[in-house]
Amino acid sequence: MSVSPSTTLDSQLTTTWGTTNSHPDVPMVMSGYTSRLWPCDTEPQFWSKYQVWEWLQQVLDMHQMDVSSIPFQNFDMDGHQLCSLSYQDFLRAAGSMGPILFQSITELKWSEIYNPLNHPLTPASPNPSSPAIKRSFSCQVKKHNPRGTHLWEFIRDILLNPERNPGLIKWEDRTEGVFRFLKSEAVAQLWGKKKNNSSMTYEKLSRAMRYYYKREILERVDGRRLVYKFGRNARGWRESDK
DNA sequence: CCTCCCTTTCCTGTTT
DNA sequence: TAAACAGGAAAGGGAG
């Protein structure tokens, strides 16, 4: 397909990344509703591929696992497909992480059904069981991460999924964790979209990036514009240790 | 209501 | 000169 330059970028990003508001012409005025629509707030059956992928990242983070622990390509599917996988499917797709993922998605499915607040139209489940399930589960996914993802995780996740990364950021040195922004303003817009902030710019995004130096989530890379490097406190970016 | 944490916003100055 | 980089200062805002 031939994609012409500038104007199509936004729509391209929107269709590739759009989680909930996948219409390029719809402004960012969907208020708090949209920004709250994280995987743990919606029924997994209706997740987009992107949300499936976010869920994988969160489970990994939760268990402090490296991204190499899961072959992401085996989960190139939407929520509907994900929910139809059997325990055996998870074992095949994710090996030792299979059971963890299976448990997570199972709890997710149940917890949504139990919670009438999320989707009033969902037919009530006949199975009461204990409310503790729901609680333990939502803690599991939400962690103590207020808005779902921090900026550095957002950047990392773009890097780790090239097929969803239309030339936005690129590894400079994969093993050292050095990367470069190719389309800084586009990344900023995407970040802004995630935060429901249409006025995000690279200028502002980069200020947040610089705060990461002190926390050693990023290391400074001198003399190279738009180049950053993951630091010792950044998790989940490393290639396999095998 | 308060505090903590992670930005977001703005700004002035420097570097590439 | 434009675009990035550097940080200080302070406001915003969600979570607990």
_Tell me every residue that passes side-chain contact (heavy atoms from CB on, under 4.5 Å) with A:Ser84, counting only those two or more places apart in sequence or in another chain._
none
*Anything under 30° is parallel, anything over 60° is perpendicular, the rest tilted; go ahead and classify A:Trp171 against A:Trp237.*
tilted
*Would you check, one step at a time, whether the test salt bridge (charged side-chain N to carboxylate O under 4.0 Å, His left out) holds for A:Lys229 with A:Glu172?*
CA-CA 9 Å; A:Lys229 180 181 193 297; A:Glu172 287 279 290; over 6 Å; no
*Rounded distance in Å - OH (A:Tyr212) to C1' (C:dG7)*: 17 Å
*Select from A:Tyr202 and A:Lys214 the residue whose nearest nucleotide in DNA chain C is closer to the 5' end of that strand.*
A:Tyr202
*Measure the distance from CZ on A:Arg215 to P on B:dT7 and round it to the nearest whole Å.*
6 Å
*What's the CD-C1' distance between A:Glu153 and B:dC6, to the nearest Å?*
11 Å
*Say you draw a straight line from CD of A:Glu239 to CZ of A:Arg174; how long is it, rounded to the nearest 0.5 Å?*
4.5 Å
*asked:* So, using ring-ring contact (aromatic ring centres under 6.0 Å, His included) as the criterion, who are the partners of A:Tyr87 when residues are at least two apart?
replied: A:Phe102
*Going by heavy atoms closer than 4.0 Å, what residues in residues 218-234 of chain A are next to DNA chain B?*
A:Arg225
Show which side-chain atoms of residues 208-222 of chain A pair as donor or acceptor with protein atoms under 3.5 Å away, not counting sequence neighbours.
| from | atom 1 | to | atom 2 | distance (Å) |
| --- | --- | --- | --- | --- |
| A:Arg210 | NH1 | A:Ser206 | OG | 3.4 |
| A:Tyr211 | OH | A:Arg207 | NH2 | 3.2 |
| A:Tyr212 | OH | A:Leu151 | N | 3.4 |
| A:Tyr212 | OH | A:Trp152 | N | 3.1 |

Would you tabulate the nitrogen or oxygen pairs shorter than 3.5 Å linking the protein to nucleotides 9-11 of chain B?
| from | atom 1 | to | atom 2 | distance (Å) |
| --- | --- | --- | --- | --- |
| B:dT9 | OP1 | A:Asn197 | ND2 | 3.2 |
| B:dT9 | OP2 | A:Asn197 | ND2 | 3.0 |
| B:dT9 | OP2 | A:Lys204 | NZ | 3.1 |

*Roughly how many Å is it from NZ in A:Lys195 to P in B:dC6, rounded to a whole number?*
12 Å
*asked:* Using whole Å, what does the distance between atom C1' of nucleotide C:dA4 and atom CD of A:Glu185 come to?
replied: 11 Å
*How close or far is atom C1' of C:dA3 from atom CE of A:Met209, stated in whole angstroms?*
17 Å
*Nearest 0.5 Å, what's the CG-CD1 distance between A:Leu159 and A:Ile169?*
5.0 Å
*A:Tyr213 OH to C:dG8 C1', straight-line distance once rounded to whole Å*: 17 Å
*OP1 or OP2 of C:dA4 sitting under 4.0 Å from any side-chain N/O of A:Ser184?*
yes
*asked:* Nearest whole Å is fine: how far is B:dT8 P from A:Phe154 CZ?
replied: 11 Å
*Is any side-chain N or O of A:Trp191 closer than 4.0 Å to OP1 or OP2 of B:dT8?*
yes
*Working to the nearest 0.5 Å, report the span between CZ of A:Phe46 and NE2 of A:His80.*
9.5 Å
_Applying side-chain contact (heavy atoms from CB on, under 4.5 Å), can you list everything that pairs with A:Gln73, at least two apart in sequence or on another chain?_
A:Pro71
